[in-house]
Amino acid sequence: MIEDMLRTPAAVQDSERHTAHNYHPLPVVITSAEGAWVTDVDGNRYLDCLAGYSALNFGHRHPTLVAAAHAQLDKLTLTSRAFIHDQFADFCRELAALCGKDLVLPMNTGAEAVETGIKVARKWGYQVKGVPAGQANIVVAEGNFHGRTTTIVSFSTDADARADFGPYTPGFRVVPYGDLAALGEAVDEHTVGVLLEPIQGEQGVVVPPEGYLPGVRRLCTERDVLFIADEIQSGLGRTGSTFACEQEGVVPDMYLLGKALGGGIVPVSAVAADADVLGVLKPGQHGSTFGGNPLACAVATEVVRLLATGEFQRRSAALGERLHAGLRGLIGKGLVAVRGRGLWAGLDIDPALMSGREACERLMARGVLAKDTHGSTIRLAPPLVITEEEIDHAVAQLAAVLAG
Ligand SMILES: *Cc1c(COP(=O)(O)O)cnc(C)c1O
């Protein structure tokens with residue numbers, strides 16, 4: 001049945017012929033996009049309710065961001081950090097201000113921001129906290145997703161992500177997400193950081209119990225441990241505020257940012273922290289050839305300016321209410337549970353009805369693109385430029401899919 005729905009079988013097969021099979025994409029071949037909509041090679045249009053896992057928070061080809069990229073392409077694209085370029089200072093200053101932190105360290109991908117956070121926390125532990133050489137540990141949560149490097153998968157609890165990639169990097173302790181007592185027991189005098197997603201995106205948009213994040217903050221302060229918030233997917237407007245931590249009144253010691261920071265145009269990630277933390281790095285101790293390049297900075301500075309207006313955070317909060325109200329109306333009509341904040345929702349479909357994958361295939365056939373996380377859970381994360389009518393349209397298509 002799904003095969004009958006395929007509008008582009010030849011182009012789909014072509015995309016797999018010389019490709020490592022590390023993804024299982026929906027069978028749609030996209031050729032152009034604008035705002036919340038994409039168009040496939042046959043001219044069919046789809047409402048994008050994934051938004052590149054939040055890399056497209058401002059929609060496809062936001063005019064301000066595309067203009068910044070075009071202008072920069074005609075001037076200067078890469079210098080390496082061996083030299084200074086004229087886009088660098090503004091980006092770092094404005095992003096630091098958005099984060100309320102002293103310093104910014106730019107990288108490219110989210111995984112690199114996480115790796116940077118780990119390295120900084122360890123160095124801070126040895127040089128500032130006084131942890132004996134080689135003894136530092138970092139506490140992380142079950143169900144985490146922080147990226148795909150060998151060190152990061154070392155503390156993943158997802159068997160697919162981790163199995164057969166060892167030997168694993170030591171120095172991590174895994175505790176149940178949302179369990180403050182377990183965290184308190186895992187932290188000891190050698191703990192340098194607690195690394196958490198304030199909402200676990202890949203796990204199915206799992207929101208921790210109320211009071212958890214403030215509890216983590218208190219614990220980290222009391223025990224002299226860095227609270228490292230991975231806001232790569234939850235940050236930059238997705239949840240209705242600049243950072244998901246904000247909604248619990250929490251300020252971490254380190255923000256890890258990525259995805260939307262590149263405006264859907266270039267990969268840009270960053271670590272933001274105060275000088276007593278990020279200041280531990282000295283020349284030669286960390287770096288990246290492409291990190292903080294002129295094109296990345298030009299685009300990301302405009303991203304920061306879009307966020308500084310507050311417009312996207314307000315849209316996400318207001319439209320998120322509408323999305324969640326619509327989705328809650330489907331509980332008992334094929335949905336078992338709905339979680340999330342702002343324009344971010346994890347939906348558990350009744351497993352007796354269909355898998356998350358099948359739901360996404362059926363949604364695709366109805367012109368809506370979404371992605372399953374695992375089992376019968378799917379995630380909706382539309383661009384923050386989506387309209388009320390488009391949200392209602394997406395919810396209606398989901399209702400039709402669930403109704404069979
Ligand atoms: C996507 C993601 C990462 C990894 O980012 P990449 O750019 O794919 O390396 C890390 N943490 C979280 C929470 C993410 O969602």
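Residue numbers run from 1 in the order of the sequence given. Source: prediction; values computed, not measured.
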Note, Leu295 side chain near Leu78 side chain (heavy atom, < 4.5 Å): no

Residues Arg362 and Glu358 bridged, charged N to O under 4.0 Å: yes

Heavy-atom side-chain proximity of Glu311 to Leu306 below 4.5 angstrom: no

Listed partners of Phe172 passing ring pair (Phe, Tyr, Trp, His ring centres under 6.0 Å), at least two apart: Phe155

side-chain hydrogen bond (donor to acceptor under 3.5 Å, both in side chains) partners for Lys75, two or more places apart: none

Lys119 and Glu115 ion-paired at < 4.0 Å: no

Polar contact flag, side-chain donor to acceptor under 3.5 angstrom, Asp230-His146: yes

Ser269 and Asn108 side chains, donor-acceptor separation under 3.5 Å: no

Side-chain touch Trp124/Leu278, heavy atoms, less than 4.5 angstrom: no

Gln203-Glu197 side chain donor-acceptor pair, cut-off 3.5 Å: no

N-O pairing of Asp253 and Arg217 below 4.0 Å: yes

Glu34 atom CD: more than 12 heavy-atom contacts under 6.0 Å: no

Electrostatic pair Asp188-Arg173, nearest N-O below 4.0 angstrom: yes

salt_bridge(Arg379, Glu202) N-O dist < 4.0 Å: yes

Within 6.0 angstrom of Phe290 CZ, more than 12 heavy atoms from elsewhere: no

Spatial distance of atom CD (Glu390) from atom CZ (Arg322) [nearest 0.5 Å]: 11.5 Å

SB check Arg341 Glu248 (cutoff 4.0 Å): yes

Aromatic plane relationship, His393 with Trp37 - under 30° parallel, 30 to 60° tilted, over 60° perpendicular: tilted

Note, Ile138 side chain near Ile118 side chain (heavy atom, < 4.5 Å): yes

Let me have the donor-acceptor pairs involving side chains of residues 163-170, under 3.5 Å, with sequence neighbours excluded, atom names and distances please.
unit_1 : atom_1 : unit_2 : atom_2 : d
Tyr168 : OH     : Arg162 : O      : 2.7
Thr169 : OG1    : Thr151 : OG1    : 2.8

